[in-house]
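Working notes for the structure below.
Here is the naming used below: chain letters follow the sequence lines, and residue numbers restart at 1 for every chain.
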Number of protein chains: 2
Amino acid sequence: MSTEERLGTQERLVRSTQELLWERGYVGTSPKAILERAGVGQGSMYHHFSGKSALALAALRRTAQTMQQTAEECLGGPGTAYDRVAAYLTRERTVLRGCPIGRMTQDRDVVQNPELRTPLDQMFDWLRGRIADVLAEGQRRGELAAALDPVATAATVAAVVQGGYVLARAADDPAPFDAAVQGVLALLAAQVTSVGATGDRD
Amino acid sequence: MSTEERLGTQERLVRSTQELLWERGYVGTSPKAILERAGVGQGSMYHHFSGKSALALAALRRTAQTMQQTAEECLGGPGTAYDRVAAYLTRERTVLRGCPIGRMTQDRDVVQNPELRTPLDQMFDWLRGRIADVLAEGQRRGELAAALDPVATAATVAAVVQGGYVLARAADDPAPFDAAVQGVLALLAAQVTSVGATGDRD
DNA sequence: GTCTATATCAGGATAGAC
DNA sequence: GTCTATCCTGATATAGAC
């Protein structure tokens, strides 16, 4: 008995929806496709969820939550601020699949629906804030140049990842993603202070 | 008589398709919507184009061409390499609408169709190459640090724009786009050599 | 070249039996 | 809770008249 089969109906529906939204987007995902992948009947689906958008909302919340945890594992890890940002940028990714959250950003029905947009908004807002915190902490420790703007730089880092996916998918090749990441890491490395600097040590 | 009305049927169809692809993506755009916006009948449309994908191909080629021209106006302009990249990054944009080419990257049917993907691929390939050329030229002139990797940095610049759109649409606010651009410009500014440097002058 | 049928299938959901 | 039947609309295209 597979893991999938032992899960509850509701859980299987949410997971199917997560997968399909990632692969096909919101417009491209039909209730029929969801229930077929989940292996449940139509009546079953409409019993647990009011319809497509309710299913999508549950799926997006789940995906955003998972992505946040994954990012936190890198950004909350050990090392300097540069190390932690580098860990986030270079963590293993299935580049050509793109970002399951960033992708939804291109879906009209999602962006125009405040409820559906909220998980995306919160996720990216948290991400930029978290990266900015890491960078600001690096500055306080004297690791990074004081002139660096943590908030703007955090947006840049997050944008490089999302834009890297776009470039890679256009090329059908992960190379542009990797190049973009290496490019921003090199620029960031130039902001790393060479000496232990002015940090207070006991 | 409006400009639209005096155009030929074929031309009106292509323009309608360009608009709709930008707004709704490929899956979200129906032949019916195209012909209604163009103000032509169904028979007319299938006379000039074999179907939806042929129409999309014509539209994407046109859009990519226009975008390339727009980018060239900035990147081929006057000033230092930094100035020209900055001109590209900060040129006026309707940020919340996103990039009409980058958007298609999230459309399964487009990316999986080699013919439809080609215009996207060529456009971004050209863009990264053009930015890399500008940066390399800046290095030869002694404007930019020799250690900078023009190819990787070019990918970063292109990614920041595409990713900036994603962040802005998630937030329903252009601010993250602007922040990402300012962030990468500040990082790039740190690569500008302070002196006229080693350039040969007559 | 353009128009109006016509055809087929999928999307998205409701109804009511079990 | 789950199933099957049914409904209505739209997507995508073909046919053949004008």
Discussion item. Does B:T29 reach a base, just sugar-phosphate, or nothing at all? Heavy atoms under 4.0 Å.
Written reply: sugar-phosphate

Worksheet item: Base, sugar-phosphate, or nothing for B:G41, non-hydrogen atoms under 4.0 angstrom?
Response: sugar-phosphate

Discussion item. Set out, in order, the CA-CA distance, both residues' side-chain angles and the distance that settles side-chain contact (heavy atoms from CB on, under 4.5 Å) for B:F177 and B:R93, then state yes or no.
Written reply: CA-CA 10 Å; B:F177 182 98; B:R93 288 180 158 91; 3.6 Å; yes

Discussion item. For a salt bridge (Lys or Arg N to Asp or Glu O under 4.0 Å) check, start with the C-alpha distance between B:E19 and B:R15, then their side-chain angles and the critical distance, and finish with the verdict.
Written reply: CA-CA 6 Å; B:E19 292 173 14; B:R15 296 195 182 190; over 6 Å; no

Practice prompt. Return the 5'-most residue of the pair A:A33, A:S50 with respect to DNA chain C, ranking by each residue's nearest nucleotide.
Written response: A:A33

Over how many whole Å does the gap from [X] atom [atom1] to [N] atom [atom2] extend?
| X | N | atom1 | atom2 | value |
| --- | --- | --- | --- | --- |
| B:H47 | D:dT14 | NE2 | P | 15 Å |
| A:K32 | D:dT4 | NZ | C1' | 14 Å |
| A:K52 | C:dG11 | NZ | P | 9 Å |
| A:Y26 | C:dG12 | OH | C1' | 10 Å |
| A:Q42 | D:dT6 | CD | C1' | 10 Å |
| A:Y46 | D:dT4 | OH | P | 16 Å |
| B:L35 | C:dG1 | CG | C1' | 14 Å |
| A:F49 | C:dG12 | CZ | P | 16 Å |

Discussion item. I want to check one thing: is the phosphate of D:dT2, taken as OP1 and OP2, less than 4.0 Å away from some side-chain N or O of A:T9?
Written reply: yes

Fill in: SB check B:E11 B:R62 (cutoff 4.0 Å)
yes

Worksheet item: Can you tell which of D:dA11, D:dT2, C:dT2 lies closest to the side chain of A:H48?
Response: D:dT2

Worksheet item: C:dG12, D:dT2, C:dT2: which one has an atom nearest the side-chain heavy atoms of A:P31?
Response: C:dG12

Worksheet item: B:T118 and B:D121: side-chain donor and acceptor closer than 3.5 Å?
Response: no

Worksheet entry | Within 6.0 Å of CD in B:E115, more than 12 heavy atoms from elsewhere | no

